[in-house]
Each structure stands twice: as C-alpha cells, then as structure tokens.
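The structure appears below as structure tokens.
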Amino acid sequence: MNDDVQPQGAYALALDVGGTFTDVILAARDGSGYWVTKSSSVPQDPSLGFFGGVDKVMALSRLTPDAVGVVMHGSTVATNAILEGKGARTGVLTTKGFRYVLEIGRADIPRAANLYGWVKPKRSVRPRHIYEIAERVRVDGRVTTELDENGLAAVAEYVRRDQLEALAIVFLNSFANPEHERRAAELLSRHLPGVEISVSSEVLPLFREYERALATVMNASVQPIAGRYIGRLANGLVERKIAAPFFIMKSNGGVFPPGEATRQPVHLALSGPAAGARGAAHVGRRAGLDNLITIDMGGTSADVALIRDGEPAVASTGRVGEFPLALAMIDIHTIGAGGGSIATVNELGVLRVGPESAGAAPGPAAYGKGGRRATVTDANLVLGRLPGHLLDGEVALDQNAAARAVEEHVARPLGLSLEAAARGIIDIVDNNMVGALKVMSVERGLDPSDFTLAAFGGAGPVHGARLMRLLGTPRLLVPRYPGILCAMGLLATDLRYDFAVTRLQRAPGYDIPEIKRAYAELQAEADARLQSDAIPQARRRFRRSADLRYHQQGVEIAVPFEADDVTAQTLAQLVEAFHVRHYELYTFADPNQPVEIVNLRIEATGLMDHVALPEIEKAPAMSTPRPAGTRRATLAGAEPESTPTYRREDLLAGHTITGPAIVDQLDTTTGILPGQMARVDAYGNLIIEEVRP
C-alpha cells in the first residue's frame with residue numbers, strides 16, 4: 001500500500017473492546033488492504049483501551065486523521081454494567097397497584113437451573129425505589145383514570161431524597177396508549193435535571209409488564225454510564241482530529257449513531273458477540289460457506305450463533321445474565337468457557353472447568369499478573385498448544401507458572417500426571433462447548449453435518465479442530481484474523497432499527513384495516529428514523545414480520561410477512577408459515593387450532609458501504625509451505641510429539657497443511673489434528689477437513 005497516497009475518508013476504523021484486549025482494524029474501504037492490531041483493554045475505563053487501539057493503529061499505518069472516513073465500535077459497557085449489577089442507582093415510576101411487578105417476575109425456572117435449588121435473582125431496583133402514581137389505561141388504549149400530574153412533584157422529591165441517577169417510567173398498558181408516560185416524562189424532566197429518564201413505550205412498546213419493565217429498568221440504569229462513555233469517545237476522536245461519522249454496534253447485528261446509543265443503550269447488551277456473528281457471516285459468504293455454526297471463544301466465555309443463508313439468526317427475545325430481554329438481537333447462546341475459565345476439583349474429587357474465570361486481572365497463571373489457579377490457557381500451554389508468547393511477543397507466557405498451577409490445583413488432588421491433568425481440563429471445556437453447539441443445532445432439529453463450524457476469538461481456533469470432530473461438521477473455517485473477527489464484523493454491517501407494536505388479533509376475525517394501519521404507522525416511524533440518519537431513499541430496506549401463537553399458548557413465534565399487502569389471502573399464508581415453523585421447532589403443528597397474531601414488526605435497514613476482504617498472494621504451483629519451526633505438543637493422544645509450526649502470514653492461497661500441525665499468528669493459534677488437512681483459500685482463511693481414506 002502506498003503510504004504517500006491518503007485519499008480523504010478512504011479508510012474505515014473498527015474497534016471492538018473486549019475484557020482482555022481491544023481488537024483494531026484500519027481498512028481501505030475499497031478492500032486494497034488493512035492493518036490489524038490489539039491493545040490491552042482497561043476494564044476500569046474502557047475508553048482508554050479504545051484510544052490505545054486508535055493511537056496504535058494510526059501510528060502503525062502512518063495515515064493522517066482525515067484519511068479515516070468512518071469509525072465503528074463494539075462495546076461491552078452496557079453488558080458489563082448489567083451483568084455485574086453496576087448500573088446507576090435507578091428508580092421506577094409505575095401505575096398505582098403494580099409496585100411488585102419486578103419482584104413477582106415469572107414463575108418459570110431457567111432450563112439449566114436446579115429445579116429445587118434455584119433462587120430467584122436479586123432485582124436491580126429495590127421496592128422502596130419503586131413509586132406509584134394514579135393513572136390507568138385499558139388494554140385497548142382507552143383512558144379510565146387520568147394521570148395524577150399533581151402527584152409527580154412528590155415523586156420528584158422522592159427521587160431526589162433517594163439520590164437516584166435514573167428513573168424508568170413503566171405504566172400499565174402504555175404499549176396501547178403512551179400519552180401518560182410521555183406526559184410524566186415531560187413534567188419530571190423539569191423537576192429532575194440531571195436524572196436520566198427512560199420510558200417503556202419507547203424502549204419496548206409491547207405487552208407483558210414484566211419484560212417491558214425489566215427492559216426499561218436496564219436501559220435507565222446504563223444510560224448515565226453509556227452517556228459518559230460515549231461522550232468520552234466522541235471527545236477523544238475530536239481531540240485526535242478524526243471527524244469521521246461514528247457508529248456503535250447493536251445487539252441485532254446492526255449499528256446506530258451515538259445519540260441513539262446514549263438514549264437507548266440497552267440495545268448494546270450483546271454488542272460484541274453480535275459483531276462476531278456478523279463478521280463470521282461476512283467471511284463465510286466470501287469463502288462460499290453460507291451455513292455456519294459459529295463459536296467465539298474469548299477469555300471469559302464462548303458465544304455460539306447460527307448463520308443460515310449468509311445471515312445470522314435473529315431472535316425477538318434473549319437473555320442477559322439471569323434476566324430475559326425482549327428486544328431483537330442476534331440469537332446467541334453463551335456459556336462460561338474461555339481461556340481464563342478456572343479448573344477446580346471439589347471435595348468429591350470431581351473436576352470442573354468454568355464458569356468462574358480469572359478474567360483479565362489477575363488472568364491465567366501463565367500471564368504473570370498474580371493469577372495462581374489453573375485455567376484453560378494454562379492447560380493449553382502445558383500441552384504445547386500455545387507458543388511462549390501472545391501478540392507476537394508483546395505478552396510473554398510463563399510455562400513454569402502454568403505447570404505449577406495445573407499441578408497444584410488439578411494433578412495433585414486427582415493423583416494424575418501433569419499432562420493427564422491438562423488433557424482433562426481441555427476435554428471438559430471442549431465437551432462443554434460441544435453441548436452449547438448442540439443447543440443451537442441438534443436441539444433445534446438441525447443436522448450439524450449440513451453446516452460448517454467457524455471458530456474464532458482468541459481461543460476458538462485452538463479448540464476448533466477437535467470441536468469439529470466431536471460435533472460432526474464436515475469442515476472448520478478459521479478466518480484470516482480470528483482474534484479480531486468482531487472488529488471485522490463492524491466493517492460489514494448496516495444501520496438497523498427494529499420497530500414493533502402489540503395488536504392482538506384473534507382468528508378467524510382478523511381486523512385487516514387495523515393491521516394495515518399498524519404496519520403503516522410502523523413504516524412511517526421507521527422511514528423517519530432512517531431519514532434522520534440521512535440515509536438516501538435508494539439505500540433504505542424494510543422487512544415485515546409478525547409474532548403468532550396458538551390460542552391460549554404462552555409464547556409466540558416470529559414469522560416473516562413478506563407480502564406487499566395485508567389481505568385475507570396473505571394473512572392465510574402467514575398463518576400457514578406459522579404452522580410450518582411451529583413444526584420445525586417443536587415437531588408438531590395443529591392446523592385446526594385458532595392462531596392469534598400478537599405483535600407486528602418492521603426491521604428498517606440503512607445500507608452502508610461494506611469493506612471488501614482483500615485477497616492474498618497465490619502460492620506457486622506445486623509449492624508447499626515451509627514450517628517456521630517445531631514444538632513438542634499434545635494435539636491428540638496421550639503423549640507429546642514434535643509438531644511442525646507455521647506462521648499464518650507465510651501461508652499463501654492454495655497452500656495445504658497436513659496434521660498434526662500448529663499455525664501461530666498475532667491474534668491466535670490454530671491446531672490441526674492428525675488425520676486432518678487445512679487449505680488456504682483466496683482470502684487467507686483456513687479450511688480444515690478430515691482426510692478421507
């Protein structure tokens with residue numbers, strides 16, 4: 001790349017801030033090349049990791065600030081605040097008589113929980129910080145009790161007395177008529193300058209009081225934190241003279257501008273994992289692989305997603321920690337399995353790996369930052385699967401410290417050799433991840449042999465080849481830069497918003513004019529949102545869907561509504577599609593049962609310019625890659641053996657490698673098992689398959 005030619009706005013900058021590292025890509029928007037790097041994250045202030053990455057990659061590229069045409073960011077700020085219970089002090093204003101909606105919650109017990117030992121998670125808002133006000137709206141939107149505006153002054157006094165930083169307004173049936181919520185927010189904002197106010201009819205305008213209240217509370221509690229964080233980022237970019245448009249990744253796999261992110265930060269809850277799934281889809285399409293099961297294994301967790309026909313599966317509900325979140329998000333299943341997952345032996349002599357993690361601080365014993373307990377990273381280092389350093393030498397790994405940790409905490413308590421203990425740790429974490437992969441495939445009626453496994457994240461490729469073998473997928477895709485694929489996903493996304501409304505329709509008397517009117521209102525709202533983001537008409541896309549259920553059923557299924565018009569015939573087609581989807585999910589359907597249309601939805605997309613993946617140099621005909629060295633490693637079997645190691649940057653398109661072998665690179669290490677062969681495609685991806693006899 002010619003360093004002297006720096007067209008204004010010709011490059012895209014993407015940064016994904018994780019718990020341990022911040023992943024950075026600076027790419028030419030025409031796909032002619034890019035720079036990649038990592039910087040250490042700073043959990044106490046993630047903006048420091050963000051700007052550490054910006055400064056590092058700008059120095060590496062030697063570009064001037066005006067060469068950056070867009071900045072994309074994936075953030076864990078909202079996620080961490082919710083999971084760690086470190087959001088702002090938040091109160092709730094609700095309809096008189098509904099103070100305990102959050103405490104009551106739902107009667108169902110999480111599937112993975114012990115039926116007899118499960119304890120309802122602690123709510124993020126104490127009952128004494130939930131205030132009631134007289135007002136009432138019926139489910140059809142009619143007002144039966146006017147809002148007690150005089151009582152709002154007393155509510156404001158309570159908020160000040162309790163020193164709250166945020167307030168969630170959640171009135172009964174406000175999804176059908178939001179006027180009382182809007183009026184309360186208007187008046188309270190005058191009394192409470194500096195207190196962030198979230199309104200449920202804007203955050204989640206759908207029925208079900210618990211889920212709506214929970215989403216609004218989550219949004220309110222992270223508003224002050226996200227606002228301060230996004231403000232620091234915006235100011236820091238200005239200080240560095242980077243004046244490019246700035247966008248932030250949402251849980252649904254799209255992006256939105258900072259103003260919207262500050263107003264509705266709850267949409268950042270799965271920002272990082274969503275970027276990873278988007279990046280895997282982008283890389284998979286270029287490799288000719290449209291159906292993927294992905295596993296993003298980092299330092300703390302492993303995130304599993306499904307890609308079908310080149311697009312990540314999106315769900316209308318998900319979970320953040322122990323709480324449901326009824327917002328559109330990429331369908332991701334997360335387990336506590338990462339490089340920092342801690343191995344423990346209990347009093348019964350049972351070895352367990354995760355979900356407890358050493359995190360970034362103190363980290364695995366091998367990091368030399370004070371960690372003393374055995375982790376997955378320590379076990380991989382003991383087995384020779386990792387080199388003696390990370391980030392091409394920036395982070396040294398202490399093999400002796402790793403061996404001491406595995407010996408003390410696993411080998412000695414179990415009476416095993418060091419190597420056997422390390423293999424046991426890896427076997428357990430691998431099987432835990434296979435279970436998560438089956439949740440997204442086998443348990444949904446899908447055959448893994450119809451999919452390619454894609455492994456990424458800093459630790460994913462280390463385990464990918466064995467996961468492929470255990471799961472039974474025909475091949476494994478390891479992207480060119482697997483440790484920074486989340487950042488890559490940021491360069492392949494679009495502006496995306498989700499709009500929804502509850503309009504319960506019972507068969508057979510569907511109110512066609514009402515459905516048309518509701519869709520028209522959603523369409524106008526969606527179009528106005530894209531208009532405010534200056535998206536040209538030709539780049540706007542809208543997709544309709546509806547949530548349906550059988551009469552008296554407790555859950556809904558989202559079904560695409562692809563017809564241009566709402567008629568009796570198109571509604572019949574929608575219902576038939578629901579029966580088919582219900583059978584796919586639950587292996588039964590009842591065409592004679594009345595079907596209810598519950599929620600109507602529109603997904604609005606503003607198409608952005610995606611950064612193309614540059615092709616790599618082709619290998620000369622009949623050439624084979626030369627190993628960079630050897631390392632004694634245990635990839636399969638019980639004993640270590642001398643294993644050839646390769647540098648990823650030395651591999652050219654068309655090269656093949658036969659296992660056992662190890663491929664080291666800046667951001668990860670890839671293991672190739674005996675009986676497997678890896679080939680390098682035109683974009684530098686590794687495609688690993690079993691060698692057929």
Give a yes or no on whether the backbone of R263 and the side-chain of Q223 come within a donor-acceptor separation of less than 3.5 Å. yes

N599 side chain reached by F207 side chain, heavy atoms, under 4.5 Å: yes

How long is the straight-line distance from CG of D527 back to CZ of F499, given to the nearest 0.5 Å? 9.5 Å

Exceeds 12 heavy-atom contacts within 6.0 angstrom, atom CZ of R106: yes

Taking the side chain as everything from C-beta on, heavy atoms only, tell me whether R529 gets closer than 4.5 Å to E260. yes

Going by side-chain contact (heavy atoms from CB on, under 4.5 Å), E596 matches just one of Q552, E556, R549. Which one? R549

Considering the options V559, L574, D590, V575, which one meets the side-chain contact (heavy atoms from CB on, under 4.5 Å) requirement together with V595? V575

Heavy-atom side-chain proximity of L600 to F561 below 4.5 angstrom: no

Can you name the closest pair of heavy atoms from A220 and A166 and give their distance? O-CB, 3.1 Å

Can E186 and R182 be counted as an ion pair, charged N to O under 4.0 angstrom? no

Rounded at 0.5 Å granularity, tell me how far CG in L270 sits from OG1 in T334. 6.5 Å

Should V139 and F175 be marked as a side-chain contact (heavy atoms from CB on, under 4.5 Å) after you check the CA-CA gap, both sets of side-chain angles, and the distance that decides it? CA-CA 8 Å; V139 71; F175 64 88; 4.1 Å; yes

May I ask you to decide if E179's main-chain N or O and N177's side chain share a donor-acceptor pair within less than 3.5 Å? yes

Is there a side chain to side chain donor-acceptor pair (under 3.5 Å) between E443 and H333 once you walk through the steps? CA-CA 12 Å; E443 293 188 18; H333 179 61; over 6 Å; no

Test item: D296 side-chain N/O and A302 main-chain N/O as donor-acceptor pair under 3.5 Å: no

Under the criterion side-chain contact (heavy atoms from CB on, under 4.5 Å), which of L214, V170, V217 is the partner of S200? V170

From CA spacing to verdict: side-chain contact (heavy atoms from CB on, under 4.5 Å), R503, I597: CA-CA 7 Å; R503 291 290 185 268; I597 301 173; over 6 Å; no

Under the side-chain contact (heavy atoms from CB on, under 4.5 Å) criterion, do N291 and D309 qualify, and how do the steps go? CA-CA 6 Å; N291 295 315; D309 299 323; 4.0 Å; yes

So with a 6.0 Å cut-off around OH of Y210, is the heavy-atom count from everything else above 12? yes

Heavy atoms of P257 and D533 approach each other most closely as CG-OD1, 3.6 Å

Are the side chain of T493 and the backbone N or O of G253 linked by a donor-acceptor pair below 3.5 Å? yes

Got a second to check how far N219's CG is from I82's CD1, nearest 0.5 Å? 8.5 Å

Closest non-hydrogen atom pair, R544 against D565: NH2-N, 3.8 Å

Do any N or O atoms from the side chain of R126 and from the backbone of R123 form a donor-acceptor pair under 3.5 angstrom? no

Side chains of F50 and S75: closer than 4.5 Å at any heavy-atom pair? no

Judged by atom type as modelled, is there a donor-acceptor pair below 3.5 Å linking the side chain of E181 to the main-chain atoms of F171? yes

I133 vs L152 side-chain heavy atoms within contact, under 4.5 Å: yes

Check the pair L325, M218 against side-chain contact (heavy atoms from CB on, under 4.5 Å), reporting the backbone distance first and the verdict last. CA-CA 9 Å; L325 185 57; M218 286 186 186; 3.8 Å; yes

Over all atoms of both residues, closest heavy-atom pair of G97 and E132: N-OE2, 2.6 Å

With a 4.5 Å heavy-atom cut-off, do I248 and V255 have their side chains touching? no

Assess whether ring pair (Phe, Tyr, Trp, His ring centres under 6.0 Å) is satisfied between H579 and Y583, documenting all intermediate values. CA-CA 6 Å; H579 291 309; Y583 186 85; over 10 Å; no

Do R208 and R212 have side chains that get closer than 4.5 Å, going by heavy atoms? no

Heavy-atom nearest pair, H610 first then D494, reads NE2-OD1, 2.9 Å

How many angstroms lie between CZ in R444 and OH in Y586, if you round to the nearest 0.5 Å? 9.5 Å

State, to 0.1 Å, how close A604 and L530 come at their nearest heavy-atom pair, and which atoms those are. CB-CD1, 4.1 Å

What's the spacing between R517 CZ and I512 CD1 if we round to 0.5 Å? 12.5 Å

With the side chain counted from C-beta on, respond yes when Y100 and T94 share a heavy-atom pair under 4.5 Å apart, and no when they do not. no

Give a yes or no answer on whether the side chain of S271 reaches the backbone of T76 with a donor-acceptor pair at less than 3.5 Å. no

Kindly say whether R506 contributes a backbone atom to a donor-acceptor pair with the side chain of D511 at under 3.5 angstrom? no

What class does the angle between the rings of H73 and Y229 fall in, given that below 30° is parallel, 30 to 60° is tilted and above 60° is perpendicular? tilted

In plain terms, say whether R601 and D547 are close enough for a salt bridge, that is, a side-chain N and a carboxylate O under 4.0 Å apart. yes

Please check: side-chain N/O of T95 versus main-chain N/O of L172, any donor-acceptor pairing under 3.5 Å? yes

Heavy atoms from other residues, nucleotides or ligands near NZ of K120 exceed 12 (cutoff 6.0 Å): yes

Distance (rounded to the nearest 0.5 Å) between R183 CZ and E146 CD: 11.5 Å

Under 4.0 Å between a side-chain nitrogen and a carboxylate oxygen: does that hold for R278 and E311? yes

Check whether any side-chain N or O of K96 sits under 3.5 Å from a backbone N or O of R136 as a donor-acceptor pair, and report yes or no. no

